[in-house]
Amino acid sequence: MSRISIAVVVAIFATAAYLYRESSRKSDLSTVTLNNTYDYIVVGAGSAGSVIATRLSEDRGSNVLLLEAGGREEENPLISVPAAAMDVQKSEQDWQYFTEPQKHACKAMNENRSYWPRGYVLGGSSAINWMVYMRGNRHDYDSWAAEGCDGWSYKDVLPYFIKSENIQIPEFKTSKYHGKNGPLYVTGPTLTPLQEKYIQAGQQLGYNFVDCNGEDQIGFCRMQATIHKGVRWSTYQAFLKPVMTRSNLHVATHSIVTKVMIENKKAVGVELIRKGRKVKVYANKEVILSGGTINSPQTLMLSGIGPRKHLEEMGIDVVADLPVGNNLQDHILIPVVHSINISAALTEEKGNAVQSVLQYLLFKSGYIAATVLEAMGFVYKDGTTKDDGRSPDIQLHFMSAHGLTEKGKAHITMNYRDDIMNSIFTYDPAKETIQFLPTLLHPKSKGTIRLKSKDPFDHPVIDPKYLEDPDDVKTLIAAMRIIEKLVDTPVLKEIGIQLDSKSTMEELCDQHTFRSDAFWDCYIRHYTLTVYHPTTTCRMGALDDPTAVVDPSLRVRGISGLRVADASVMRNVPSANTNAASIMIGEKAADLIRGKDSVQDIKRILQKSKL
Ligand SMILES: Cc1cc2nc3c(=O)[nH]c(=O)nc-3n(C[C@H](O)[C@H](O)[C@H](O)COP(=O)(O)OP(=O)(O)OC[C@H]3O[C@@H](n4cnc5c(N)ncnc54)[C@H](O)[C@@H]3O)c2cc1C
C-alpha cells in the first residue's frame, strides 16, 4: 500500500468523528455576510495573520475582518496527519507556485524551476509545512536591531516567542526560554534510535548537545515540532479555531484581496473577489497585509506600491515608489543520502505497516504522528564548534529515512526531471537509508518577486536567483565536508554508514572526481531544493533605509493605515525554519497595532533571570 493510501486511510478514520461533530455547526465561511466597515481588516489567515486577528479581536470593542483566499483546513483531512505533509502539496490547499528557470541551480529539475508550495487555507503555510519549530539565533535578531529595526533585538522578540508557546517537552518545562501558557503546542517526537546517534556524532566532533531554541543554538539538538497529540498544530488549530465564535471577529474564506484602496496616501479598505463578485470593504483604522512573502508584495504592487519603473511597465499608477519584491531570500538544502547496515531507519514498509496505522488510529502516536526530521545541528562553516558571537552558517537537518523513495510524490513536489527519477533514484528495499540535509542559512544570492501582469490571478514572477553568488556554493561545500567528518565518527561508523553513490547522482557529475570540490559544486547546482522559507520582500528597516518597505512598526513607508506583518518583513532570513518567527511577528504586530505591551510579565521574569 502506498504512503498516500495509508495517509488517506488514517485521515478518514482519524477525522471522521471530528468532521461529524463539526458538520452540524460548521458554517460556510465563503458566504459569511460582510459588514461594509471594520476597524481592522487582516488579509491572509496564515502563520502571522491568524495570530493577528486572534489577538486584535481580544479587544471586544474592536471589530476585525480576516480575509483568506483559501478554504478551511477541514476540507482536506490529510492536513491534520503529520506523516502526510508531502501529500498536501499540490493539493487544493496549495498555491502551487514555480520559480523562474534558475541559471545557476536546480539543474535536476524540469526547466530548472523550483516548485514552491504555499498554504492556501486557514492556517496558511503552517497548515502544509513540515512542522519544525525553530526560532532562529539570538545574533540574527540582534543584527536586525543593529541595522535599524528598533524593538526587534533578541531580548525584544524572545517574550513573543514565549507568549505563543505551550511546550510539552518535559525537560524544557522549567526552561526560562520556553512558554507554558500559549496556544501553540510544541512537542519533541523521537521516532528512531538514529536521532540519538546523530546527536552523539555531533558531540564526538566537539559540538554541544543543546536546546536549539534555548540559550545556545550552536550544536546538535532533537527536533521540536508543532504537533499536538499526533495532530498538526497549525496557527488555525492553535489560535483561530478556538475564537471563531467571537462576535467581533468575521473570518471569510475563499475571499481573494486584489487591491488595497488608497486615498490621499491613506489605506481606506480593500477590494476582493468572492464567489466571482467584486466586493469593497472599508477599514476605520487599519489594513494589515499578512499574505506571505509572495502575495503581500503582489498585493502592494497591484495597489500601486512598488518599484516605480516596474509599476509603470505594468501600467499601474504609482502611489509610492518603494523596493517591494526586492531582497527575496530563501533557504536551500541539498539532500545527501547515506546507507546504514542496521535496521533502524524509517522505511516505507515500517511506515505503512498495519501496526503503524493502528497505532495512529488508536493512540495518535508512532511513525504517522511525527515528522521524519528527527534532529539537527547548527554549525559554522569554518568548523568552530562553540558560539563565538555570530549566527551559524549551516543547518544540518537529519532525516532518519530516505524520504525520496516514492518516485511519484517526490517527482511531483520537487519537480525532478524524469531521467533523474527513473535512473538515479533507485530505491533498494534491502538497504536502509537516511538523509543529511545541509541547509544554507544566510544566502548572499538575493532574488525578486515581480508582477507578471495587472491581473491579480496571474501568479507573480518568482526569481530567487539561487546560487548566483559563488560564496553560497562554497558554504554548501563546507557543509559537505562537515558531513564527511560526521560520517567518520565512531558512533556512525558503528552502524556502517556510507555515502550512497547511486543517489548522489554520480552519473550526472561523473566528469569530476567523486567527492572533489568540483563534484560537490556540480551536485549542489543540480540538487538545489527549497526549504520553503522565502522572506524579506517587504523588508523592515529604518525610515531612511533605501531597502526598507516597512518601518520597525511594520507601517508601509509613506502610507498611513497600512501595515505588512508576515515573513516578508523579516530583515533577513533567520538561522532557522521560518514558521516560529512568522508567528512571533504576528504576536508583536498585534501589540504594535493595539499600542499595548502584552508581554510585560514575561519580560519581568526574563529580566529577573538576566536573560
Ligand atoms: C511545504 C512547506 C514546508 C515548510 N516547513 C516548515 C517547517 O517545518 N518549519 C518552519 O518553521 N517553517 C516551515 N515552512 C515555512 C513556514 O511555514 C512559513 O515561513 C510561514 O508559514 C509563513 O507565514 P506567513 O504568515 O508569512 O505566510 P503564510 O502562512 O503562507 O500565510 C499567508 C496566507 O495569506 C493568504 N493569502 C495570500 N494572498 C491573499 C489574498 N490576496 N487574499 C486573501 N488571502 C491571501 C494565503 O492563502 C495564506 O493563507 C514551510 C513552508 C512550506 C510551504
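No experiment lies behind these values; they were computed from the predicted model shown.
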| message | Does K485 have more than 12 heavy atoms from other residues, nucleotides or ligands lying within 6.0 Å of its NZ? | response | no
| field | Centroid separation F436 to H338 less than 6.0 Å | value | yes
Heavy-atom pair with the smallest gap, counting every atom of [X] and [Y]:
{"X": "Q102", "Y": "K465", "value": "OE1-N, 3.1 Å"}
{"X": "T530", "Y": "S114", "value": "CG2-OG, 3.7 Å"}
{"X": "D545", "Y": "R571", "value": "OD2-NH1, 2.6 Å"}

| Would you call the rings of W520 and Y523 parallel, tilted or perpendicular if under 30° counts as parallel and over 60° as perpendicular? | perpendicular
| request: Look at the aromatic rings of W152 and W144 and report parallel, tilted or perpendicular, splitting at 30° and 60°. | output: tilted
| In Å, rounded to the nearest 0.5 Å, how long is the span from CZ of F378 to CG of L441? | 6.5 Å
| said: Using 0.5 Å steps for rounding, measure from the CD1 atom of I434 to the CE atom of M399. | reply: 10.5 Å
| K90 charged N/C atom sitting above Y115 aromatic ring, 6.0 Å / 45° | yes
| request: Run through T475, D388, D393, T385 and flag the one making a side chain to side chain donor-acceptor pair (under 3.5 Å) with Y380. | output: D388
| field | E374/K197 ion pair, N-O < 4.0 Å | value | no
| query | Residues in ring-ring contact (aromatic ring centres under 6.0 Å, His included) with Y207, at least two apart? | reply | F220
Determine whether a donor-acceptor pair (N or O, by modelled atom type, separation under 3.5 Å) exists between the side chain of [X] and the backbone of [Y].
{"X": "Q298", "Y": "D458", "answer": "yes"}
{"X": "N577", "Y": "H533", "answer": "no"}
{"X": "T536", "Y": "M570", "answer": "yes"}

